[in-house]
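What follows is one structure encoded as structure tokens, with my remarks underneath.
For reference, positions follow the sequence shown, starting with 1.
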Amino acid sequence: MVGEEGAFVLGWDEVLTEEELSTTLKVLCMSEEEFKEYKEQDGWEDDSEEEENSTLSNEALSRLKTPCKKLLYDSVLLTLESYRSDLKAEQDLLNNKEAYEKLSRREQQALHVRYGQKRILHQLLELVH
């Protein structure tokens, strides 16, 4: 369902791997009875019309059902815990010109990537809280 890396791709405005996340949330938030039915049917029947209208924009994420929001919230917290530093530490380093300039070019680029990832994750936390 999730792919080889087991990760979802989030952008500033929407989920970029929306089909995978949507399917995963549907399955993980099912009752036992719903899941049995899902397995018996080998998934859902052709939902193409529903899928076309189910873009996981930030607005759509904020309207998810409570169990799905909680699942996403907890997943984001676990992801943030996997980083060695928090968003504030990254921001402080970016704002400290002297410390930032001591970093190699590669370290500076990695800092920008981590900072961007954390900002998107914090935005998602706000949307689903």
Side-chain angles (χ1 to χ4, degrees):
M1 248 186 293
V2 180
E4 290 180 23
E5 293 185 17
F8 301 107
V9 181
L10 306 171
W12 283 110
D13 301 317
E14 65 187 14
V15 176
L16 302 177
T17 54
E18 65 183 72
E19 184 177 338
E20 292 91 342
L21 180 58
S22 180
T23 301
T24 301
L25 288 175
K26 283 180 185 178
V27 171
L28 292 176
C29 293
M30 285 180 179
S31 67
E32 188 176 340
E33 185 177 303
E34 290 169 327
F35 184 69
K36 284 179 184 175
E37 185 179 322
Y38 172 78
K39 281 178 35 179
E40 288 171 5
Q41 294 179 2
D42 288 328
W44 289 282
E45 294 177 15
D46 187 17
D47 289 340
S48 56
E49 186 177 312
E50 180 184 322
E51 294 299 321
E52 287 177 20
N53 298 323
S54 67
T55 300
L56 285 177
S57 65
N58 287 349
E59 182 182 332
L61 288 170
S62 67
R63 290 180 304 189
L64 289 172
K65 293 178 182 176
T66 301
C68 292
K69 281 181 162 183
K70 175 146 179 44
L71 181 63
L72 272 178
Y73 187 86
D74 291 345
S75 298
V76 170
L77 287 180
L78 284 172
T79 302
L80 286 169
E81 287 175 8
S82 70
Y83 288 98
R84 292 182 186 184
S85 61
D86 62 13
L87 182 66
K88 180 159 179 13
E90 304 287 4
Q91 192 168 13
D92 290 345
L93 185 53
L94 283 167
N95 290 333
N96 183 335
K97 188 175 181 179
E98 187 177 311
Y100 179 79
E101 289 177 353
K102 289 181 181 177
L103 299 174
S104 70
R105 182 82 176 128
R106 187 174 183 179
E107 289 170 325
Q108 290 173 355
Q109 291 171 339
L111 173 63
H112 284 281
V113 169
R114 283 191 317 272
Y115 180 69
Q117 291 171 340
K118 290 175 188 177
R119 284 189 55 211
I120 289 172
L121 291 169
H122 278 274
Q123 175 181 283
L124 181 56
L125 282 178
E126 290 178 22
L127 290 168
V128 298
H129 192 250

* Asked: Salt-bridged, Lys36 to Glu32, with N to O below 4.0 Å?
  ->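 The answer is yes: the pair qualifies as a salt bridge.
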If you round to the nearest 0.5 Å, how far is [atom2] of [Y] from [atom1] of [X]?
{"X": "Leu10", "Y": "Thr17", "atom1": "CG", "atom2": "OG1", "answer": "6.5 Å"}
{"X": "Leu64", "Y": "Leu127", "atom1": "CG", "atom2": "CG", "answer": "9.5 Å"}
{"X": "Leu93", "Y": "Gln91", "atom1": "CG", "atom2": "CD", "answer": "11.0 Å"}
{"X": "Leu124", "Y": "Tyr73", "atom1": "CG", "atom2": "OH", "answer": "10.5 Å"}
{"X": "Lys102", "Y": "Glu98", "atom1": "NZ", "atom2": "CD", "answer": "5.0 Å"}
{"X": "Asn58", "Y": "Glu126", "atom1": "CG", "atom2": "CD", "answer": "10.5 Å"}

Between [Y] and [X], is there a side-chain heavy-atom distance shorter than 4.5 Å?
{"X": "Leu72", "Y": "Leu21", "result": "yes"}
{"X": "Lys26", "Y": "Thr23", "result": "no"}
{"X": "Leu125", "Y": "Leu80", "result": "yes"}

* For Cys68 and Cys29, work out which heavy atoms get closest and say how close. =>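 Closest heavy-atom pair between Cys68 and Cys29: SG-SG, 2.7 Å.
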Would you say [Y] ends up clustered with [X] if hydrophobic residues are merged whenever their side chains have heavy atoms under 4.5 Å apart, either directly or through other cluster members?
{"X": "Trp12", "Y": "Leu61", "result": "yes"}
{"X": "Leu77", "Y": "Val15", "result": "yes"}
{"X": "Leu25", "Y": "Val9", "result": "no"}

* More than 12 heavy atoms of other residues, nucleotides or ligands under 6.0 Å from NE2 of His129: is that the case? ->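 No, because the 6.0 Å sphere around NE2 of His129 holds 12 heavy atoms or fewer from other groups.
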Side chains of residues 114-121: which donor-acceptor partners sit under 3.5 Å, not counting sequence neighbours?
| residue | atom | partner | partner atom | Å |
| --- | --- | --- | --- | --- |
| Arg114 | NE | Glu90 | OE2 | 2.9 |
| Arg114 | NH2 | Glu90 | OE1 | 3.2 |
| Gln117 | OE1 | Tyr83 | OH | 2.8 |
| Lys118 | NZ | Ser85 | O | 2.6 |
| Lys118 | NZ | Ser85 | OG | 3.2 |
| Lys118 | NZ | Glu90 | OE2 | 2.6 |

* Between the main-chain N or O of Tyr100 and the side-chain N or O of Gln108, is there a donor-acceptor pair closer than 3.5 Å? -> yes
* To do: Could you tell me whether a side-chain N or O of Asn96 sits under 3.5 Å from a main-chain N or O of Asp92, the two making a donor and an acceptor?
  =>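 No, Asn96 side chain to Asp92 backbone: no donor-acceptor pair under 3.5 Å.
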* Would you please name every residue forming a side-chain hydrogen bond (donor to acceptor under 3.5 Å, both in side chains) with Ser62, sequence neighbours left out? => none
* Only pairs at least two apart or in different chains count here, so list each salt bridge (Lys or Arg N to Asp or Glu O under 4.0 Å) that has a residue in residues 57-73. =>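 Salt bridge (Lys or Arg N to Asp or Glu O under 4.0 Å) check on residues 57-73 returns Glu59-Arg63, Lys70-Asp74.
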